[in-house]
Amino acid sequence: MMTEKKFPLKRIGMSGNIVSMVDVSVPEGIEYIEAALGDKHCVCIATDGTVYEYNPQMTSYTKLSIGNGIKAACGFDHYLVLTAEGMVYSKGRCTHGELGLGSQHSASVPTMIPFFQKNNLRVVDIKAGVYQSYYLCDNGVLYCSGFNTFMQLGIPDKLNKLLPTKYSDKKVKEIWSNNYAYGIWLRDEDDQIWGYGKHVRNNKKNYSELQILKDKKILKIAPGYQRLLILVEGEGEENEVYYVPENSEPALWSELTKEKVIDVEYACDHCVALTKDRRILGSTSPPYNYGMAQLPQIQEAKDWKIVSGAWHSMCFPVSPTNGLYLDMLEFYQSTTFADLEIMSRKVHSSILKWRTGKEGTEAIEILKTFSEKHINKFLDWCYLSEVSNINLLQEVAKAFGMQIDPKKTLNDYFLELYHDEESKDYKILVKDNDDDEDEDENEDEDEQVDEYAEISVHKFLLQARSGLFREMFSTVKEEKNQVKDYSGLGIDSMEIFIKYLYTNTIELTADDEPEFVLVELEDVQERFKLNEKSQFSNQIFKLKKTHGIN
């Protein structure tokens with residue numbers, strides 16, 4: 001029997017306008033980064049990729065044999081788990097083909113859906129509806145399986161799909177659904193929102209472009225049973241929340257909007273919201289009344305996550321994770337900046353050159369002499385340092401005249417890369433903002449010359465870890481050093497930030513002045529659009545406390 005520990009994982013219940021929270025047991029030493037709730041299942045994924053299944057009341061759990069889990073989704077009586085390798089496992093009752101296994105037979109244990117492996121597809125996101133499952137692949141193609149009598153899958157033949165079937169030719173960037181939703185909502189490659197339901201357009205049950213709120217930036221669609229909430233970016237700190245009942249136009253939920261909501265979830269008969277100051281709000285009859293529940297006292301820097309089930313919800317702190325690993329995983333799954341192809345998989349020449357020491361095209365030619373299984377395992381190592389089959393990996397490594405050390409982690413390799421000045425291929429020019437006390441105060445400003453310091457870095461690292469640099473490299477056609485005004489971010493702070501991108505650690509030297517540097521670094525994660533924020537901000541919080549900085 002696994003030992004348990006206290007952990008701020010809470011089961012949320014609602015009665016009228018009263019929101020309550022109940023502690024949930026968690027295995028000793030485990031913290032969660034992902035969870036999903038349904039009528040019959042609850043699935044939680046730990047920071048190390050271990051997957052746990054809870055009973056619906058969340059009073060007991062079992063450890064599953066699935067490894068490297070990164071995402072989960074629950075339907076009415078089935079669930080899906082996505083692994084870091086891009087494979088999907090399904091379990092539960094199967095009445096319409098929602099398990100994607102090619103039949104209507106139920107599965108009593110999580111079973112890998114072979115369709116994606118057979119077709120050399122890598123899944124990057126999953127969602128589950130009542131009797132439907134949705135699988136978004138790294139090429140932007142959306143597949144679906146399950147109940148389609150009312151064309152909930154977006155396929156016009158109204159036949160249930162026992163195997164994952166292509167949704168349409170539309171390329172998809174983001175998807176939303178829920179265990180009590182009868183369809184999928186998606187954002188396409190042109191940032192247009194499409195959805196299924198009567199409230200979309202002309203009171204017809206079909207997939208149509210969301211015409212309402214077209215001029216606003218939609219942050220999230222939270223669908224429920226014949227209703228949905230829409231979270232829209234607002235001005236200042238107040239995001240707007242719209243409630244859309246069946247057969248009605250969306251209405252601004254003004255009372256909830258005033259609460260500074262940063263996330264919303266909707267299920268069958270209730271919804272929950274998370275506020276910027278870490279309060280949980282719940283409503284059993286939106287948009288009229290809602291109650292509040294204060295989250296447990298935690299370190300200020302931690303982020304929280306909310307998940308809605310059919311009859312109850314849950315919340316938990318998203319523990320600081322290996323942001324470097326997650327960013328590299330996303331980089332691996334994305335085709336952005338990928339300039340080579342092998343076995344229909346897009347890869348980055350910069351990654352191959354780093355790992356093999358050979359130019360990308362030369363590395364591809366060597367890889368082509370191996371089987372698809374060899375290639376996939378080697379690419380898993382190149383991007384993520386996965387060594388699940390070391391013998392197979394060593395066969396490929398030998399062809400490159402190298403030896404793979406199974407004890408070295410991704411962080412170990414990136415620390416080595418940080419110290420490899422010769423291979424750094426990009427220079428950031430940072431304006432020297434330090435005031436020279438000996439400078440003649442009467443000097444004519446027109447005669448002053450701005451001075452810049454050069455900070456060398458690997459370009460692919462900036463692409464993988466910073467949304468700001470991804471946008472910049474997507475629009476700048478010429479290869480050149482980028483001179484930018486970093487709004488007062490000094491050279492020391494920029495050097496600390498760049499090293500953090502390699503090491504996931506904020507390190508101050510004896511020459512750094514914490515009272516200046518830490519203050520400058522406080523909003524770096526927002527300025528440079530880091531994917532993960534909790535780890536960076538948590539380290540800033542601890543360092544400020546250590547140095548007595550308010």
Side-chain angles (χ1 to χ4, degrees), residues 70-71 82 84-86 116 120-126 135-143 167 169-175 186-193 217-219 322-355 359-361 363-364 367 375-376 378-386 410 414 417 423-426 428 457-482 484 498 501-502 525-533:
I70 58 173
K71 291 185 179 182
L82 174 64
E85 293 79 19
F116 301 104
N120 200 28
L121 294 168
R122 188 182 188 92
V123 180
V124 295
D125 199 6
I126 51 175
Y135 324 88
L136 179 60
C137 294
D138 60 357
N139 58 4
V141 177
L142 179 63
Y143 290 84
Y167 165 81
D169 292 329
K170 194 183 302 297
K171 290 296 180 70
V172 178
K173 294 169 61 175
E174 191 172 9
I175 54 177
L186 59 91
R187 188 193 307 273
D188 67 16
E189 59 185 341
D190 298 318
D191 284 325
Q192 294 177 319
I193 306 295
K217 182 178 180 180
I218 294 177
L219 301 177
N322 188 338
L324 177 59
Y325 178 89
L326 295 178
D327 284 342
M328 287 302 294
L329 174 61
E330 182 177 335
F331 196 55
Y332 187 18
Q333 296 170 342
S334 172
T335 58
T336 306
F337 306 115
D339 50 354
L340 294 173
E341 184 173 329
I342 183 169
M343 297 288 185
S344 300
R345 292 185 64 171
K346 298 287 186 179
V347 295
H348 301 80
S349 59
S350 53
I351 299 293
L352 292 180
K353 185 175 182 180
W354 164 41
R355 290 303 212 172
E359 294 296 334
T361 51
I364 288 292
L367 286 175
I375 294 171
N376 288 333
F378 188 71
L379 291 177
D380 288 345
W381 175 80
C382 285
Y383 284 84
L384 306 172
S385 295
E386 295 283 357
L410 185 68
F414 267 96
L417 187 65
S423 66
K424 292 178 179 177
D425 55 355
Y426 193 79
I428 296 175
V457 66
H458 292 87
K459 186 176 181 180
F460 82 83
L461 182 74
L462 298 178
Q463 294 170 336
R465 304 218 63 187
S466 167
L468 175 69
F469 282 104
R470 273 196 299 277
E471 293 171 3
M472 187 187 78
F473 292 136
S474 297
T475 56
V476 176
K477 296 181 180 181
E478 298 179 7
E479 297 291 329
K480 61 183 179 181
N481 296 334
Q482 183 74 8
K484 286 188 70 70
I498 293 299
L501 296 182
Y502 285 90
Q525 69 267 30
E526 296 292 345
R527 188 180 305 175
F528 288 93
K529 300 182 181 180
L530 300 188
N531 287 337
E532 54 84 20
K533 300 176 183 179

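At a threshold of 4.5 Å between non-hydrogen side-chain atoms, the residues D138 and K346 do not count as touching. Using a 4.5 Å heavy-atom threshold, the side chains of T336 and Q463 count as separate. Counting only heavy atoms from C-beta outward, the side chains of H458 and W354 never approach each other to under 4.5 Å. Within the 4.5 Å cutoff, the side chain of L468 has no heavy atoms near those of the L462 side chain. For the pair I375/R345, no side-chain contact is recorded, criterion being any heavy-atom separation below 4.5 Å from C-beta on. Contact check for Y143 versus L121: side-chain heavy atoms found under the 4.5 Å cut-off. In this structure, the side chains of S349 and T361 stay at 4.5 Å or more apart for every pair of heavy atoms. At a threshold of 4.5 Å between non-hydrogen side-chain atoms, the residues E341 and V347 do not count as touching.
The local environment of NZ in K353 is sparse, with at most 12 non-hydrogen atoms from other residues, nucleotides or ligands closer than 6.0 Å.
Residues D425 and K459 are not paired through a salt bridge, judged by the lack of any N-O separation under 4.0 Å between the basic side chain and the carboxylate.
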Verify side chain to side chain contact (heavy atoms under 4.5 Å, CB included) between I498 and L501, making sure each step is shown before the conclusion. CA-CA 5 Å; I498 293 299; L501 296 182; 4.2 Å; yes
Run the side chain to side chain contact (heavy atoms under 4.5 Å, CB included) check on F414 and L461 step by step: do they pass? CA-CA 10 Å; F414 267 96; L461 182 74; 3.5 Å; yes
Given side chain to side chain contact (heavy atoms under 4.5 Å, CB included), test K171 with V141 step by step and report yes or no. CA-CA 6 Å; K171 290 296 180 70; V141 177; 4.2 Å; yes
Run the side chain to side chain donor-acceptor pair (under 3.5 Å) test on R465 and Y502 for me, step by step, so that the C-alpha distance in whole Å, both residues' side-chain angles and the decisive distance to 0.1 Å come before the verdict. CA-CA 9 Å; R465 304 218 63 187; Y502 285 90; over 6 Å; no
Please walk me through it: do R187 and D191 pass side chain to side chain contact (heavy atoms under 4.5 Å, CB included)? CA-CA 6 Å; R187 188 193 307 273; D191 284 325; 3.3 Å; yes
With side chain to side chain donor-acceptor pair (under 3.5 Å) as the criterion, how do Y332 and D380 come out once you've worked through the C-alpha distance, each side chain's angles and the decisive distance to 0.1 Å? CA-CA 8 Å; Y332 187 18; D380 288 345; 2.8 Å; yes
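Distance check: E85 CD to E386 CD gives 5.5 Å after rounding to the nearest 0.5 Å. Between the CG atom in L384 and the CG atom in L324 there is a gap of 9.5 Å [rounded to 0.5 Å].
Ring geometry for H348 against Y383 counts as perpendicular: the plane angle is over 60°, on a 0 to 90° scale with 30° as the lower cut. Relative orientation of the Y426 and F473 rings is perpendicular, given thresholds of 30° and 60° on the angle between their planes.
Defined by atom type and a distance below 3.5 Å, a donor-acceptor pair is missing between the side-chain atoms of R527 and S466.
N120 contributes a side-chain N or O that, together with a main-chain N or O of M343, makes up a donor-acceptor pair within less than 3.5 Å. Using a distance-only test at 3.5 Å, with no hydrogens or angles considered, a donor-acceptor pair links the side chain of D188 to the main chain of D190.
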